[in-house]
Asker: 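This structure is in structure tokens; I'll ask about it shortly.
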Amino acid sequence: MQFQNSIIETKWQKRWEEERVFKAVDFSDKPKWYGLVEFPYPSGIGMHVGHLRAYSSLEVISRKKRMEGYNVLFPIGFDAFGLPTENYAIKTGIHPRIVTDANIKTFISQLKSAGFSFDYDRIIDTSSEEYYKWTQWIFIQLFKHDLVYKSKTFVNYCPKCQVILSNEESQGGKCDRCDSQVEQKQKDVWFLRITKYAQRLLDGLNEVDFTARIKTEEENWIGRSEGAYIDFITTTKHEIKVFTTRADTIYGVSFLVLAPESPLLTDLLPFINNKEEIENYIQETKKKTEFERLNFNKNKTGVELKGLKVIHPLTKKEIPLFISDYVILSYGTGAVMGVPAHDQRDYDFAKKFSLPIVEVIKGGDISEKAFEDVETGILINSPLINNLDVEEAKKTIITYLENNKLGEKTVQYKMQDWAFNRQRYWGEPIPIVYCEHCGQVPLNEEDLPLVLPNVKEFLPSINGDSPLANVPEYVNCKCPKCHRPAKRETDTMPQWAGSSWYFLRYCDARNEQEFASFDKLKYWMGVDWYNGGMEHVTRHVIYSRFWNLFLNDIGVVPVAEPYKKRTAQGLILGADGEKMSKSRGNGVDPTEMINIYGADALRTYILFMGDYELPTPWDPNGVKGAKRFIDKVIRLFEIVDLSKDEYTLETLIHQTIKQVSKDIENLKFNTAISALMILTNALAELTSISKKDYQVLITLLSVFAPHICEELNEGLGNKNILANSKWPEYLEEKTIENTIEIAVQVNGKLRGTVKIKRDSKQKDIEEKAFLLPNVVTALIDKTVIKTIYIPNKILSIVIK
RNA sequence: GCCGGAGUGGCGAAAUCGGUAGACGCCCAGGACUUAAAAUCCUGUGGGUAGCGAUACCCGUGCCAGUUCGAUUCUGGUCUCCGGCACCA
């Protein structure tokens with residue numbers, strides 16, 4: 001049999017499409033299974049081998065699930081709003097809509113050419129009006145539920161380009177376009193109040209099956225820490241609340257520090273006598289970029305607020321108050337208590353300003369650095385909690401503070417509210433209008449979508465405003481409430497918006513009345529398995545879990561947690577072991593691979609190359625090997641005896657079905673394929689094999705190499721489509737070998753093996769084992785102390 | 001600094017309720033087919049020592065210890081690499 005890949009690939013791709021093999025059927029009686037992969041950004045370069053690896057896992061599992069009788073939803077779409085397309089538009093003048101449409105077309109044809117079994121009828125495009133209408137609708141619901149607010153914050157601003165930059169665009173404190181120094185500029189920013197959901201996002205992790213490393217990363221990102229607020233009073237009767245996780249060290253406090261941006265300073269300033277010095281420091285801090293501020297770890301700076309002191313709540317001693325940029329406004333209260341003996345940052349600060357370093361925990365040496373160990377320390381110099389260990393001391397002191405109204409137990413999160421606007425053209429317009437009379441007014445739902453106007457100039461306008469600010473007919477509008485003239489918000493939503501709910505849209509992708517019908521959501525949600533990149537685990541996965549939780553709260557989505565299970569694939573590295581990149585030139589073009597070796601070989605290699613969850617370098621010869629394997633399977637066809645209907649290698653067949661089935665569910669595709677190679681090699685030894693043998697082989701292999709297996713299935717005289725047929729089953733008792741090999745060890749060293757029937761008596765095995773020549777030699781002049789027999793595995797002889 | 005993950009042949013990797021380390025594949029070498037090459041097929045392939053040879057023995061899962069008849073797997077310590085977070089109080 002001679003095959004040309006391109007011909008049979010096209011043939012079967014067409015058949016699958018014509019016969020709607022991969023169509024997910026709403027409300028089917030079969031059990032449903034929803035497999036989700038992260039939808040791609042349709043970049044101009046087209047599909048990357050990384051995309052293939054990311055999708056292959058659930059592609060294989062989806063195919064298997066269908067064959068096991070599930071009604072499978074395995075959708076794909078495009079996360080199409082984004083900066084690269086906009087930058088391309090700025091460069092070429094071609095409208096992002098045109099570029100995006102062309103790119104999507106390329107992607108779809110590439111996905112199909114790889115034989116991916118997506119339900120192509122449910123494709124969505126986040127940049128289409130039909131889709132972003134609902135993204136805007138959800139935004140308005142969030143707004144109505146007080147989860148959206150506008151607040152001033154500092155942003156990276158390039159004075160030369162007059163553009164606001166993201167952290168990525170201003171690395172090292174320089175603008176990545178013109179290299180000039182980035183400044184911190186105050187700007188009104190829309191925020192989503194995700195912090196309100198912090199605890200629930202953390203708790204939800206207990207209900208889902210995410211791999212351990214994913215859970216840990218999410219937990220770290222949310223960053224819960226338990227501690228206490230402690231109230232300090234100044235000599236001017238101002239209250240300063242600090243947050244600490246180490247309330248036990250309260251007797252070690254020798255100073256207090258405020259963040260330079262702290263609003264408390266406004267109240268304190270009139271009472272101090274070095275105002276000018278303080279104001280200068282505040283100005284200097286503003287000039288520093290975030291990068292600079294984080295960069296000088298050891299060398300602390302700061303200024304004391306002169307003319308007032310803070311009274312220690314327990315000792316009543318007066319201690320100094322400082323401002324310093326090592327304290328961040330956005331975490332805790334923007335004020336910290338300085339315990340130099342037991343916090344390295346406070347230690348560095350105390351050294352710089354010659355402040356007292358009071359040891360309150362015994363067990364360390366504080367002459368060179370702070371003693372931060374919480375495991376072993378015992379409290380000293382702390383009247384109320386002396387001799388307690390750290391944990392007990394924390395509890396005791398917090399109870400005392402609470403009873404005396406000096407503080408309280410509290411929980412803080414590192415996670416911050418989600419900055420939700422960009423000064424960009426190619427994004428969802430924010431459906432808010434500014435009215436002089438009514439304030440911030442959301443559009444009426446019947447006026448959605450708020451359509452992105454067609455512009456010719458994509459460059460941001462002066463002051464870093466969005467290009468939309470240059471479109472008067474867009475900006476000037478009527479207030480939805482009072483109908484008087486008003487102005488529109490000109491910013492757009494960030495890239496993360498559209499992807500925060502796309503898994504819901506797939507359930508009902510063409511709905512024009514709602515973002516998705518509740519009944520369909522009820523049928524399909526939650527996502528049974530979500531696979532994607534590790535890099536999206538903190539942002540995208542948390543953001544979308546937040547949106548879903550919210551939509552569940554307002555009763556429009558039936559489940560609280562959207563994803564039942566989440567896994568992540570490892571990166572495909574270049575052949576040089578480095579991350580694939582344009583500049584290194586170590587990338588691989590999947591289309592070229594398909595043209596040379598065929599889609600089946602490429603798919604098989606990508607899953608065979610290594611542990612799916614770990615980064616693996618690309619081996620240019622690896623695809624060749626996969627192709628050789630597939631050719632070997634094809635050659636086997638020649639020795640199939642269609643009249644034979646019994647397994648030729650029964651045990652091995654059952655073993656292979658078992659291993660392949662199990663391995664696929666555990667993402668161990670490399671060993672699943674290896675098992676198929678072993679079976680193929682064993683069958684190839686024979687002069688004739690049965691149709692039944694071959695049928696199992698190609699059915700199992702079809703999830704990896706679907707095209708050729710369909711062709712071979714047809715060659716066997718079958719009329720059915722293999723992708724629709726039944727997944728093979730195995731019997732556990734038939735996987736067990738009757739004759740086995742027992743290893744014989746003498747003092748832990750292998751000295752031979754004994755072939756014997758399974759479950760033989762130890763006596764019979766020993767009889768044979770002691771006759772093994774190497775055992776005999778080893779036993780010369782020695783005494784056998786004991787023998788240990790592990791049934792069906794090993795016989796261990798101990799001698800002296 | 002903190003939190004994850006990983007160190008096994010020339011390469012990608014298998015095998016972990018402790019039980020024949022290196023399955024499977026790549027590379028490489030030799031052979032077959034061919035005028036020749038490619039492709040394909042067959043054989044070999046962790047390192048070392050001895051032997052013409054079948055073979056035998058020793059070493060070997062980052063490093064150092066420990067537990068055990070037996071450790072890639074368990075325990076303690078240690079080094080390196082990768083990823084994430086980071087003046088988070």
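Letters go in sequence order (proteins before strands), and every chain restarts at 1. Bear in mind that the values here come from a model prediction, so they are computed numbers and not experimental data.
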Asker: Rounded to the Å, how far apart are Ile214(A) CD1 and rC3(B) P?
Answerer: 20 Å
Asker: With C1' as the reference atom in both, quote the distance from rA21(B) to rA13(B) in angstrom, rounded to an integer.
Answerer: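 Each nucleotide's C1' atom is 13 Å from the other's.
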Asker: Could you check which nucleotide pairs with rU34(B) in any of the strands shown, counting Watson-Crick or G-U wobble with both distances under 3.5 Å?
Answerer: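 Checking every strand shown, rU34(B) finds no partner, since no pair has both distances under 3.5 Å.
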Asker: Please measure how far the P atom in rC64(B) lies from the corresponding atom in rC59(B), and state the result in whole Å.
Answerer: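 Between the two P atoms, the distance is 14 Å.
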Asker: Select from Ser796(A) and Gly332(A) the residue whose nearest nucleotide in RNA chain B is closer to the 5' end of that strand.
Answerer: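 The 5'-side residue here is Ser796(A).
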Asker: From C-beta outward on Arg751(A), which listed nucleotide comes closest to its side chain: rG4(B), rA89(B), rC58(B)?
Answerer: rC58(B)
Asker: What distance separates Ile740(A) CD1 from Lys757(A) NZ, expressed to the nearest 0.5 Å?
Answerer: 12.0 Å
Asker: Report the distance from atom CD1 of Ile765(A) to atom CD1 of Ile756(A), rounding to the nearest 0.5 Å.
Answerer: 5.0 Å
Asker: Does either side chain, that of Ser796(A) or that of Tyr789(A), offer a donor lying less than 3.5 Å from an acceptor on the other one?
Answerer: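 Checked: Ser796(A)/Tyr789(A) side chains show no N/O donor-acceptor pair below 3.5 Å.
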Asker: If the threshold is 4.0 Å, N to carboxylate O, is there a salt bridge linking Glu219(A) and Arg224(A)?
Answerer: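 No salt bridge links Glu219(A) with Arg224(A).
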Asker: Picking from rC58(B), rA13(B), rU20(B), which would you name as closest to the side chain of Lys749(A)?
Answerer: rC58(B)
Asker: Ring centroid separation for Tyr543(A) and Trp418(A), is it under 6.0 angstrom?
Answerer: yes
Asker: How are the rings of Phe353(A) and Phe349(A) set relative to one another: parallel (under 30°), tilted (30 to 60°) or perpendicular (over 60°)?
Answerer: tilted
Asker: Counting only Watson-Crick or G-U wobble pairs whose two distances fall under 3.5 Å, which nucleotide matches rU67(B)?
Answerer: none
Asker: Measuring from the side chain of Thr671(A) (C-beta onward, heavy atoms only), which nucleotide among rA15(B), rA13(B), rC69(B) has the closest atom?
Answerer: rA15(B)
Asker: Can you find a donor-acceptor N/O pair under 3.5 angstrom joining the side chain of Glu613(A) to the base of rG5(B)?
Answerer: no
Asker: In whole angstrom, give the distance that lies between atom CD1 of Ile794(A) and atom C1' of rA21(B).
Answerer: 12 Å
Asker: Between rG84(B) and rC69(B), how far apart are the C1' atoms? Round to whole Å, please.
Answerer: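 Result for the C1' pair: 44 Å, nearest Å.
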Asker: Among the candidates rC87(B), rA14(B), rC27(B), find the nucleotide nearest to the side-chain atoms of Lys624(A).
Answerer: rC27(B)
Asker: Would you say the base of rC87(B) and the side-chain of Lys300(A) have a donor-acceptor pair closer than 3.5 Å?
Answerer: yes
Asker: If rU72(B) has a Watson-Crick or G-U wobble mate with both distances under 3.5 Å, name it; if not, just say none.
Answerer: none
Asker: Sticking with atom P, work out how far rU55(B) lies from rU40(B), rounded to a whole angstrom.
Answerer: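 Those two atoms are separated by 31 Å.
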Asker: In whole Å, I'd like the distance from the CH2 atom of Trp618(A) to the C1' atom of rC11(B).
Answerer: 16 Å
Asker: Would you kindly give the CD-to-P distance between Gln659(A) and rA14(B), to the nearest whole Å?
Answerer: 12 Å
Asker: Measure from CG on Leu205(A) to P on rG4(B) and round the result to the nearest Å.
Answerer: 15 Å
Asker: Under a 3.5 Å limit for both distances, which nucleotide forms a Watson-Crick or G-U wobble pair with rU16(B), could you say?
Answerer: none
Asker: Return the minimal non-hydrogen interatomic distance between Lys414(A) and Trp221(A), and the atom names on each side.
Answerer: CB-O, 4.1 Å
Asker: Is the shortest side-chain N/O distance from Arg635(A) to OP1 or OP2 of rC41(B) below 4.0 Å?
Answerer: yes
Asker: Does Asn621(A) have a side-chain nitrogen or oxygen under 4.0 Å from the phosphate oxygens OP1 or OP2 of rG12(B)?
Answerer: no
Asker: Nearest-Å distance, CD (Glu685(A)) to P (rC42(B))?
Answerer: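 In whole Å, rC42(B) P lies 8 Å from Glu685(A) CD.
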Asker: Measuring from the side chain of Glu741(A) (C-beta onward, heavy atoms only), which nucleotide among rG84(B), rC87(B), rU20(B) has the closest atom?
Answerer: rU20(B)
Asker: Taking the P atom of each, how far is rG31(B) from rA37(B), in whole Å?
Answerer: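 Those two atoms are separated by 11 Å.
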Asker: Using purine N1 to pyrimidine N3 plus N6-O4 or O6-N4 for Watson-Crick, or N1-O2 and O6-N3 for G-U wobble, each under 3.5 Å, what pairs with rA50(B)?
Answerer: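 For rA50(B), the partner nucleotide comes out as rU55(B), under the 3.5 Å rule.
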Asker: Is Asn670(A) near enough to rA14(B) that one of its side-chain N or O atoms lies under 4.0 angstrom from OP1 or OP2?
Answerer: yes
Asker: By nearest heavy atom, map Leu750(A) and Leu614(A) onto RNA chain B; which one lands nearer the 5' end?
Answerer: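 Result of the comparison: Leu614(A).
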Asker: Choose from rC85(B), rA89(B), rC24(B) the nucleotide whose nearest atom is closest to any side-chain atom of Val336(A).
Answerer: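 Of the candidates, rA89(B) comes closest.
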Asker: Using the C1' atom as the reference point in each nucleotide, state the distance between rC88(B) and rG77(B) in Å, no decimals.
Answerer: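 My reading of the C1' atoms in rC88(B) and rG77(B) gives 31 Å.
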Asker: Suppose you measure atom C1' in rU8(B) against the same atom in rG60(B); what distance do you get, rounded to whole Å?
Answerer: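 Their C1' atoms lie roughly 10 Å apart.
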Asker: Expressed in whole Å, how much space separates the P atoms belonging to rG10(B) and rA65(B)?
Answerer: 24 Å
Asker: Measuring to OP1 and OP2 of rC26(B), would you say a side-chain N or O of Arg628(A) lies under 4.0 angstrom away?
Answerer: yes
Asker: With respect to the phosphate group of rA56(B), does any side-chain polar atom (N or O) of Asn774(A) fall under 4.0 Å of OP1 or OP2?
Answerer: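 Yes, because at least one side-chain N or O of Asn774(A) sits under 4.0 Å from OP1 or OP2 of rA56(B).
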Asker: Using whole Å, report how far CG of Asp348(A) lies from P of rG1(B).
Answerer: 14 Å
Asker: Examine Phe669(A) together with Phe608(A) and report whether their ring centres are nearer than 6.0 Å.
Answerer: no
Asker: Identify whether the glycosidic angle of rG9(B) places it syn (within 90° of 0) or anti.
Answerer: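 Syn conformation here, the glycosidic angle of rG9(B) being no more than 90° from 0.
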Asker: With respect to the side chain of Asn681(A), which nucleotide from rC3(B), rG19(B), rC24(B) is positioned closest?
Answerer: rC24(B)
Asker: Any side-chain N or O of Tyr331(A) below 4.0 angstrom from OP1/OP2 of rA89(B)?
Answerer: yes
Asker: Between rG25(B) atom C1' and Met677(A) atom CE, what is the distance in whole Å?
Answerer: 6 Å
Asker: So what's rG4(B) paired with, Watson-Crick or G-U wobble, going by both distances under 3.5 Å?
Answerer: rC82(B)
Asker: Of the nucleotides rC57(B), rG12(B), rA15(B), which one has an atom closest to the side chain of Thr616(A)?
Answerer: rG12(B)
